[in-house]
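See below for the structure under consideration.
Each residue takes its place number in the sequence, starting with 1. We count ligands from 1, going down the list as the structure has it; atoms in each ligand are counted the same way.
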Amino acid sequence: MKKIEAIIRPEVFAKVREGLAIEGIDGLSITEIAGCGRQEGRTGIFRGNTYEMEFSSKLKLEMVVDNAKVQPIIDVLLRDASTGEVGDGKIFIYPVEQAIRIRTKEVGAVAVE
Ligand SMILES: Nc1ncnc2c1ncn2[C@@H]1O[C@H](COP(=O)(O)OP(=O)(O)OP(=O)(O)O)[C@@H](O)[C@H]1O
Ligand SMILES: [Mg+2]
């Protein structure tokens, strides 16, 4: 299993959600975050004046999935979360040791289906 963490623009969420549903991804967590990439969150000087670059509002999606679903999810994100402009976000992938569905006590990949 892997955890896919994707930082995306809030405005692409509806489209991404639709794409994920088509790939059979139903379980996910969303957090509203403030973030900065290469362009935000630092001080810039323009024509002698100092400007504080703002943090941007983003959504963080977290999905724990079977290994076989990782590439289809990446494909959805690259297709539906992209505008081509700076600030489109990032995808991080982590190994997951275990998952347990509390209600049924199911363990492993079956718990994240
Ligand atoms: N290295 C990082 N670690 C954790 N979060 C990050 C990292 N880089 C970006 N983010 C998150 O992703 C959001 C969007 O980043 P962004 O797409 O602007 O990255 P970038 O590297 O500046 O790429 P681009 O040049 O395309 O804008 C940030 O607001 C932040 O929340
Ligand atoms: Mg950026």
Report summary line: protein heavy-atom neighbour closest to atom 25 (O) of ligand 1 works out as Arg38 NH2, 2.9 Å
Report summary line: For atom 13 (C) of ligand 1, the closest protein heavy atom turns out to be Ile7 CG2, 3.5 Å
Query raised in the report: Which option, Cys36, Ser57, Ser56, owns the non-hydrogen atom nearest atom 30 (C) of ligand 1?
Result: Cys36
**Report entry** Identity and separation of the nearest protein heavy atom to atom 31 (O) of ligand 1
**Finding:** Gly35 CA, 3.3 Å
Query raised in the report: Do the side chains of Tyr94 and Lys2 get nearer than 4.5 Å, heavy atoms only?
Result: no
Query - ligand 1 atoms in contact with Lys58 (distance to a heavy atom under 4.0 Å) - result: 14 (C), 29 (O)
Query raised in the report: Would you say Ile30 and Lys60 make side-chain contact, with heavy atoms under 4.5 Å?
Result: no
Query raised in the report: Heavy-atom distance under 4.5 Å between the side chains of Leu20 and Leu61, does that happen here?
Result: yes
Query - Region of Ile33 that comes within reach of ligand 1 [heavy atoms, distance under 4.0 Å] - result: side chain
**Report entry** Thr104-Glu106 side chain donor-acceptor pair, cut-off 3.5 Å
**Finding:** yes
Query raised in the report: Near Asp88, which atoms of ligand 1 are under 4.0 Å from a heavy atom of that residue?
Result: 17 (O)
Query raised in the report: Among Gly89, Ala81, Gly87, Ser82, which one has a heavy atom closest to atom 18 (O) of ligand 1?
Result: Gly87
**Report entry** Under-4.0 Å heavy-atom contact with ligand 1, by part of Phe92 that carries it
**Finding:** side chain
Query raised in the report: Heavy atoms, side chains only, cut-off 4.5 Å: are Arg38 and Val86 in contact?
Result: no
Query - side chain to side chain contact (heavy atoms under 4.5 Å, CB included) evaluation trace for Val112 with Val65 - result: CA-CA 6 Å; Val112 296; Val65 297; 5.5 Å; no
**Report entry** Protein contact of atom 9 (C) of ligand 1 - nearest heavy atom, named by residue and atom, plus distance
**Finding:** Lys90 NZ, 3.5 Å
Query - Minimum side-chain heavy-atom gap Ile93-Lys3 below 4.5 Å - result: no
**Report entry** Under 3.5 Å: donor-acceptor pair, side chain of Gln98, backbone of Gly108
**Finding:** yes
Requested in this report: Output yes when the distance from some N or O of ligand 1 to some N or O of Gln39 is under 3.5 Å, and no in every other case.
Outcome: yes
